[in-house]
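Note that the structure is a prediction, hence the values are computed from the model and not measured.
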Amino acid sequence: MTTLDSAVDPSAPSYLANRAALLERLTELDAALDQARAGGGDKYVTRHHARGKLLPRERIELLVDADSPFLELSPVAAYGSDFPVGASVVTGIGVVEGVECLIVANDPTVRGGAVNPWSLAKTRRAGEIALANRLPMVNLVESAGADLPTQAEIFIPGGRVFRDLTRLSAAGIPTVSVVFGNATAGGAYVPGMSDHVIMIRDRSQVYLAGPPLVKMATGEVTDDESLGGAAMHAGTSGLADYLAADERDGIRLARQCVRRLNWRKQGPSPRTAVPQPPKYDPEELLGITSADLKVPFDPREVLARILDGSDFDEFKPAYGDALVTGWGELHGYPVGVLANARGVLFSAEAQKAAQFIQLANASNTPLIFLQNTTGYMVGTEYEQRGIIKHGALMINAVSNSTVPHLTVNLGASYGAGNYGMCGRAYEPRFLFTWPNAKSAVMGPAQLAGVLSIVARQAAAARGRDYDEDSDAAMRLMVEQQIESQSGALFLSGRLYDDGVIDPRDTRTVLGLCLSAIHSGPVKGADGFGVFRM
């Protein structure tokens, strides 16, 4: 293999400016993460602890193996919305008794763990990840059911969560639920549709309708324990498979369930048992990406800090050089890499990408996409050369590739370049974003300029003078709107990625994802759609 060289100068003014800009974005990310971890706030956290109950992250910490990592997913879901950051649920991948599991934990300090539109979307995304990567799912349940003021947005699509649980089971992927408190209405179907159910004595209350609603609907007067208590479900209804003495005992029983699954990975083990770390300091990743997204950077500098031993065999280095493609290993797993080098994608880059993706599928090699693209090249010359059909060639290859895809947006992800570089619509197994990254139809200035040109042409067609002052105000407003709506936190809040990550954690995050991916088989496509040559 070929060891990458580095030309990074940590004392250069441009490097220091890039680092300062990225650290500022990281400060914003940390503030958003702090909001998510705060749950419903000090008042409700204190009340929850006073009842002898654990917080969702405390439950997760006891569930996963000691000193093992937990990869939290979509941690800033609902950022910028009317709902609390984090969307009242914690999701992520953790190791339980040596088994990588997808964990979902309701946060009862936020409106009793009620399900709102963002927590529904976040939970559904967790289910998609579990199914795609063959990960057993553990639900740590304490939910008051639907957030009633938003029922119109969640009632009908919410049924998919229960459908997805049964589909996991049908696919041979086990599901485990531990009920720590209320599991009301829709919340009751989570344990109801799980393979293994654990309830806590004198704590768990699982029913389709609580005592007040039962009285309203039927006139029956009952109490919580008779209607849906843990002891009743363990001894009468049979819904509970195990009855725990307290929360810690419930978590112990959940670990016991996972231990007895006899779970085995279906993907190949790492090719290199003891991989070499990169030869360059990951701290330097903070100064490599340009603060100004119009200024390109060499993605090989990123690869040199995330690939094992900084080793990278580049494919077609002299052809289509605005896209870097090649082979390496990450935490011992073989990977193919596609990384934008100069933003724009030309015909040569698209054709090179399509061939490389075919090769990865032929060798059953997962692909990593490192996005920093402004899209496919436009203009008369490029249209005549076939940029549409060549871009379609690349998108066809991405769409029909069946090896696992991992995507990281390092900077810009604009236009159809987002599609060709495996954006969210193309269902990568995981997609993460650096805090400086942006994604939109096009850049703010370009979009505002297009609207201005269209407005000028419309005014000229009607024979009217064009108001330059109004045009300047419109352009400023549009640029500000697109600037805010294309930012990493805004998009992550809407679950267009699986999380905004610190660039220095990129190697670790990708390594955890690669390990999770190999819980299932890794197999390339048997065929592709019709390539327009």
> What are the two closest non-hydrogen atoms of Leu22 and Leu285, and how far apart are they?
Replying inline: CD2-O, 4.2 Å

> If only atom types and distance count, is the side chain of Asn364 paired as donor or acceptor with the main-chain N or O of Gly524 below 3.5 Å?
Replying inline: yes

> Taking Val141 as the fixed residue, which of Val190, Asn182, Val206 is the one that meets the side-chain contact (heavy atoms from CB on, under 4.5 Å) rule?
Replying inline: Val190

>> For Tyr496, I'd like to know if atom OH has over 12 heavy atoms of other residues, nucleotides or ligands within 6.0 Å.
In response: no

> Got a sec: does the CD of Gln276 have more than 12 other heavy atoms crowding it under 6.0 Å?
Replying inline: no

>> Quick one, Arg429 and Leu367 - any side-chain contact, counting heavy atoms below 4.5 Å?
In response: no

>> I need the Leu370 CG to Met421 CE distance, nearest 0.5 Å.
In response: 7.0 Å

> So, do Arg507 and Arg305 sit near enough that their side-chain heavy atoms are less than 4.5 Å apart?
Replying inline: no

>> Please find the pair of heavy atoms, one from Ser74 and one from Lys122, that lie closest to each other, and give the distance.
In response: O-NZ, 3.0 Å

>> Rounded at 0.5 Å granularity, tell me how far CG in Asn139 sits from NE2 in His196.
In response: 13.0 Å

>> Under 4.0 Å between a side-chain nitrogen and a carboxylate oxygen: does that hold for Glu72 and Arg37?
In response: no

>> Let me confirm one number: the CG-CE distance from Asp223 to Met232, rounded to the nearest 0.5 Å.
In response: 10.0 Å

> When rounded to the nearest 0.5 angstrom, what is the spacing between CG in Asn396 and CD in Gln358?
Replying inline: 9.0 Å

> So, do Arg255 and Leu63 sit near enough that their side-chain heavy atoms are less than 4.5 Å apart?
Replying inline: yes

> Given the rule in the ring-ring contact (aromatic ring centres under 6.0 Å, His included) test, do His518 and Tyr333 qualify, once you have shown the distances and angles that lead to the verdict?
Replying inline: CA-CA 9 Å; His518 285 78; Tyr333 290 101; 4.3 Å; yes

>> Pairing donors with acceptors under 3.5 angstrom, does anything connect the side chains of Thr508 and Asp505?
In response: no

>> Between Ser401 and Asn361, is the side chain to side chain donor-acceptor pair (under 3.5 Å) condition met? List the steps.
In response: CA-CA 7 Å; Ser401 166; Asn361 277 263; 2.9 Å; yes

> So do the side chains of Tyr189 and Leu208 get within less than 4.5 Å of each other, counting heavy atoms only?
Replying inline: yes

> Do Trp434 and Thr506 have side-chain atoms, one donor and one acceptor, less than 3.5 Å apart?
Replying inline: yes

> Where do Pro108 and His48 come nearest, in terms of heavy atoms and distance?
Replying inline: CG-CE1, 3.3 Å

> Do Asp502 and Arg504 sit within salt-bridge range, that is, some charged N less than 4.0 Å from a carboxylate O?
Replying inline: yes

> Within a radius of less than 6.0 Å around CZ of Arg259, do more than 12 heavy atoms belonging to other residues, nucleotides or ligands occur?
Replying inline: yes

>> Counting neighbours of OH on Tyr44 that are heavy atoms of other residues, nucleotides or ligands and sit closer than 6.0 Å, is the number greater than 12?
In response: no

> Are any non-hydrogen side-chain atoms of Val99 and Pro136 less than 4.5 angstrom apart?
Replying inline: yes

>> One thing to verify: whether Arg203 and Asp246 come together as a salt bridge, which I'm taking to mean a side-chain N less than 4.0 angstrom from a carboxylate O.
In response: no

> Cut-off 3.5 Å, side chains only: do Asp497 and Ser492 have a donor facing an acceptor?
Replying inline: yes

> So, for Arg271 and Pro334, which heavy atoms are closest and what is the spacing to 0.1 Å?
Replying inline: CZ-CG, 3.6 Å

> Taking atom CD of Glu283 as the centre, does the number of heavy atoms from other residues, nucleotides or ligands within less than 6.0 Å exceed 12?
Replying inline: yes

> Any side-chain heavy atom of Arg59 sitting closer than 4.5 Å to one from Glu142?
Replying inline: yes

>> Is it the case that atom CZ in Arg124 sees more than 12 heavy atoms from other parts of the structure closer than 6.0 Å?
In response: yes

> So, do Ile103 and Val64 sit near enough that their side-chain heavy atoms are less than 4.5 Å apart?
Replying inline: yes

> Are the side chain of Asp107 and the backbone of Thr109 linked by a donor-acceptor contact shorter than 3.5 Å?
Replying inline: yes

>> So, taking the atom named CD1 in Ile60 and the one named CG in Leu54, what distance separates them when rounded to the nearest 0.5 Å?
In response: 11.5 Å

>> Any non-hydrogen side-chain atom of Ser515 less than 4.5 Å from a side-chain atom of Glu100?
In response: yes

> Has the side chain of Ser310 got a donor or acceptor atom that lies under 3.5 Å from a matching backbone atom of Ala304?
Replying inline: yes

> Can Trp118 and Tyr79 be said to form a ring-ring contact (aromatic ring centres under 6.0 Å, His included), step by step?
Replying inline: CA-CA 10 Å; Trp118 297 112; Tyr79 178 90; over 10 Å; no

> Without hydrogens or angle criteria, can the side chains of Asp195 and Ser169 be said to hold a donor-acceptor pair below 3.5 Å?
Replying inline: yes

> Just checking, is any N or O donor in the side chain of Asn418 or Ser413 under 3.5 Å from an acceptor N or O on the other one?
Replying inline: yes

